[in-house]
Amino acid sequence: MPLTLGFLASVLILLPGLVALAAFNFRVGRAGARRPEQQLTAISAIVVAVIISVMTHYLGWLVSEGAIDAAVAIHDAFPTIHWGEAPANPLVTVYNVLTGGKPVPAGEAVAPAALLALEIFAILGFLASDSFDLFLERLDWSGQGWVFQHITRPAENGYAPIGHVFTSTMSGSYGVAYKGVVIDTRQGANGEVLSIALARPERFLYEIGHSEGQPAGGDQATGVTTHAKDYVGGVVQLDSRIITNIVVHSIAQSLLEEIVPDEEQEEPIS
Amino acid sequence: MNWTFAGTALVQTVGLVLSGVVFLVAFWPLRGIVKDIWQLPCVISLQPRSRSLAVLLPGLFLFFVLTLVLGPDHFYGRAFLVAVLTPTLALLLIRHLAWRSADPEERTAAAEIRNELAGRLHEPLVTPLKSWPQFVFDLERVRRRAEYQPPPI
């Protein structure tokens, strides 16, 4: 078999596994917290693709065999119409084409193509299903680490992850900080935070130490003072270059809903 | 079989309509083997164990009927027909049982979670007055949410 045809054939055989990987990457990518998707050249990705493909083709073989046997059974019970010869199992046809190297007639090629399409639909349907979602929910599959425990999981379970992001935009001992609900984080290949986005944030100054002549607040012992908050609104996206550190607290969504309407009345949104 | 009329325009048109009807009927087993049968392990594991009877009983009944109709040969073909036709029925039955045994509070909580997800994915919203396809899973989400502990502040 020529090299190019061999490549195409292997892609066709591995297609269910590749589709599963792509669908999984798409699922993970749809969430707010995102890491780079798994590289296809990674050993684990190849192993997963091969295992899923082999299992899918095996199940496909079983299903086709069952369908053919069922058709024969129905025909034997009601032999009024002659249905013609029982077709070969589509996967046997594929195997014969791959090993024999002879082109297959169009009539016989329809069955393997239809089976492959059904296999792919089955995989896509399973990966998009709620049962797979529930199975996956508690596991940190994409290796997000603290982002998974403190942002993704609380957000999925009715909590709002409120992030305080302290930036490195400093003037003297003052720095700018933002406080808001974390809606999106991007992580690099090693899990480091690349950027973080806060929804309807408040901006405030934090101060290391105390200004002279002013009475120290309650934070005197720690030496960090935070000043009055100013409502920014919209979304602020903070790049890792200016983030000094991030503090995340998870507050119950129901609690927030009790507080937020009052705040909205007090603060004029311009 | 007499194929004399097969060439006429009317018969071919009727044949086209018939094949459309057959396709619609075939959608049930197709959905069963492509989608529904792979949900069964998860659904059974979420439910009380006694509810796996909702899968077993229709399956056995179908097997009994098919054996009566098709005869004792071709076990594999009959098993395939059972595997293809049962899951959709079993999922409907389990959903119905779960809906009947759920409290109104649980239904409301499940509907809230479903609407939260549906709003994100632009799917139609549901009401807690009538069950919806993913009800069994949303009930499990309600349970998991109730026992979830956020990281300490």
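Here is how names work: the chains are called A, B, and so on, in the same order as the sequence lines, proteins then strands, and each is numbered from 1.
Your options are B/Gln149, B/Arg141, B/Glu112, B/Arg78, and the one with the most heavy-atom pairs under 4.5 Å with chain A is B/Arg141. Ranked by heavy-atom pairs under 4.5 Å with chain B, the list A/Arg153, A/Gln149, A/Glu156 is led by A/Arg153. The residue among A/Ala67, A/Ser250, A/Ala77 with the most heavy atom pairs within less than 4.5 Å of chain B is A/Ala67. Taking chain B as the reference chain and counting heavy-atom pairs below 4.5 Å, the highest number among A/Ile68, A/Val248, A/Leu124, A/Leu62 is found for A/Leu62.
Of the two parts of B/Leu81, only the side chain, counted from C-beta on, holds a non-hydrogen atom closer than 4.5 Å to a non-hydrogen atom of chain A. For A/Ala252, no part lies under 4.5 angstrom from a heavy atom of chain B. When heavy atoms are compared at a cutoff of 4.5 Å, A/Asp76 approaches chain B solely by way of its side chain, counted from C-beta outward. Heavy-atom distances place the side chain of B/Leu30, and not its backbone, under 4.5 Å from chain A. Contacts of B/Glu140 with chain A are made by side-chain atoms alone, with heavy-atom separations under 4.5 Å and no backbone atom involved. Using a 4.5 Å cut-off between heavy atoms, B/Val69 contacts chain A through both its backbone and its side chain. When heavy atoms are compared at a cutoff of 4.5 Å, A/Tyr159 approaches chain B solely by way of its side chain, counted from C-beta outward. For A/Leu59, the part lying under 4.5 angstrom from a heavy atom of chain B is the side chain only. Heavy atoms of B/Leu46 lying under 4.5 Å from chain A belong exclusively to its side chain.
Interatomic distance, A/Lys179 NZ to A/Lys229 NZ, rounded to the nearest 0.5 Å: 5.0 Å.
Between A/Phe78 and B/Leu70, the closest side-chain pair of non-hydrogen atoms falls below 4.5 Å. Between A/Gln144 and A/Gln187, some side-chain heavy-atom pair lies under the 4.5 Å cut-off. Here the side chains of A/Leu198 and A/Val181 are not in contact, with every heavy-atom distance at 4.5 Å or above.
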Derivation and outcome, side chain to side chain contact (heavy atoms under 4.5 Å, CB included), residues A/Leu116 and A/Leu12: CA-CA 9 Å; A/Leu116 194 63; A/Leu12 266 184; 3.6 Å; yes
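With no hydrogens or angles considered, no side-chain donor-acceptor pair links B/Thr127 and B/Arg114 at under 3.5 Å. A side-chain N or O of B/Ser131 and one of B/Arg95 form a donor-acceptor pair less than 3.5 Å apart.
Legend: residues meeting side chain to side chain contact (heavy atoms under 4.5 Å, CB included) with B/Leu24, ordered by chain and number and at least two apart, are absent.
Pairs passing the ring pair (Phe, Tyr, Trp, His ring centres under 6.0 Å) check and including a residue from residues 48-98 of chain B, sequence neighbours excluded, read B/Phe63-B/Phe75.
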